[in-house]
Amino acid sequence: MPQVTLTQKIDAQRDFFKRGLTLNPAYRINALKQLYNALKTKQNEIISALQTDLGKPATEAYLSEISPVLHEIKFAIKHLNRWQ
């Protein structure tokens, strides 16, 4: 399998963006839902990393780093169609 360079990845992302697919509200909502699910799935790993790297207790890590992002994602999903 050929190795993809960083430049090739960036070019592919630019091409994808230029096609305008990200302008579709359904696409954006789906992407936000995927991000939400990824954060929920990896929540314990994120907390562990914050404990290891920054010395944050688990509760503080969740309340100051994870929870606000989850709430913002839910808010964006709820209001995205009105922002178009």
Asks: Do Glu65 and Leu50 have side-chain heavy atoms sitting under 4.5 Å apart?
Replies: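 Contact flag for Glu65/Leu50 side chains = yes.
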Asks: Suppose we screen for ring pair (Phe, Tyr, Trp, His ring centres under 6.0 Å). Which residues come up paired with His71, at least two apart in sequence or across chains?
Replies: none
Asks: Anything under 30° is parallel, anything over 60° is perpendicular, the rest tilted; go ahead and classify His79 against Phe75.
Replies: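 Tilted: the ring planes of His79 and Phe75 meet at 30° to 60°.
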Asks: In Å, rounded to the nearest 0.5 Å, how long is the span from CG of Leu70 to CG of Leu39?
Replies: 5.5 Å
Asks: Which heavy atom of Pro68 sits nearest to which heavy atom of Leu63, and what is that distance?
Replies: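 Minimum heavy-atom contact is CD-O, 3.3 Å.
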Asks: Show every side chain to side chain donor-acceptor pair (under 3.5 Å) that has at least one partner inside residues 19-33, sequence neighbours left out.
Replies: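 As it turns out, there is no side chain to side chain donor-acceptor pair (under 3.5 Å) pair with a partner in residues 19-33 once direct neighbours are skipped.
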Asks: Any side-chain heavy atom of Phe17 sitting closer than 4.5 Å to one from Leu23?
Replies: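 No; the side chains remain at least 4.5 Å from each other.
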Asks: Is there a donor-acceptor pair under 3.5 Å between the side chain of Thr41 and the backbone N or O of Asn37?
Replies: yes
Asks: So which heavy atom on Gln3 is nearest to which on Gln8, and how close?
Replies: O-OE1, 3.9 Å
Asks: Quick test of your reading: applying ring pair (Phe, Tyr, Trp, His ring centres under 6.0 Å), list the pairs with at least one residue in residues 29-51, sequence neighbours left out, ordered by first then second residue.
Replies: none
Asks: State plainly whether one hydrophobic cluster holds both Val69 and Leu54, where clusters connect Ile, Leu, Val, Met, Phe, Trp and Tyr through side-chain heavy atoms under 4.5 angstrom apart.
Replies: yes
Asks: Shared ILVMFWY cluster between Leu35 and Phe16, side chains joined below 4.5 angstrom?
Replies: no
Asks: Provide the closest heavy-atom pair for Leu32 versus Ala76 in the form atom of the first, atom of the second, distance.
Replies: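 Result for this residue pair: CD1-CB, 3.9 Å.
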Asks: Minimum heavy-atom separation for Lys56 and Ser64, please, with both atom names.
Replies: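 Looking at all heavy atoms of both residues, the shortest contact is NZ-OG, 3.0 Å.
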Asks: Look up atom OG in Ser67 and atom CD in Gln43, then write down how far apart they are to the nearest 0.5 Å.
Replies: 9.0 Å
Asks: Measuring from Lys40:NZ to Ile73:CD1, what's the distance to the nearest 0.5 Å?
Replies: 10.5 Å
Asks: Is any side-chain heavy atom of Thr5 closer than 4.5 Å to one of Ile10?
Replies: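 Result no, sub-4.5 Å side-chain heavy-atom pair not found.
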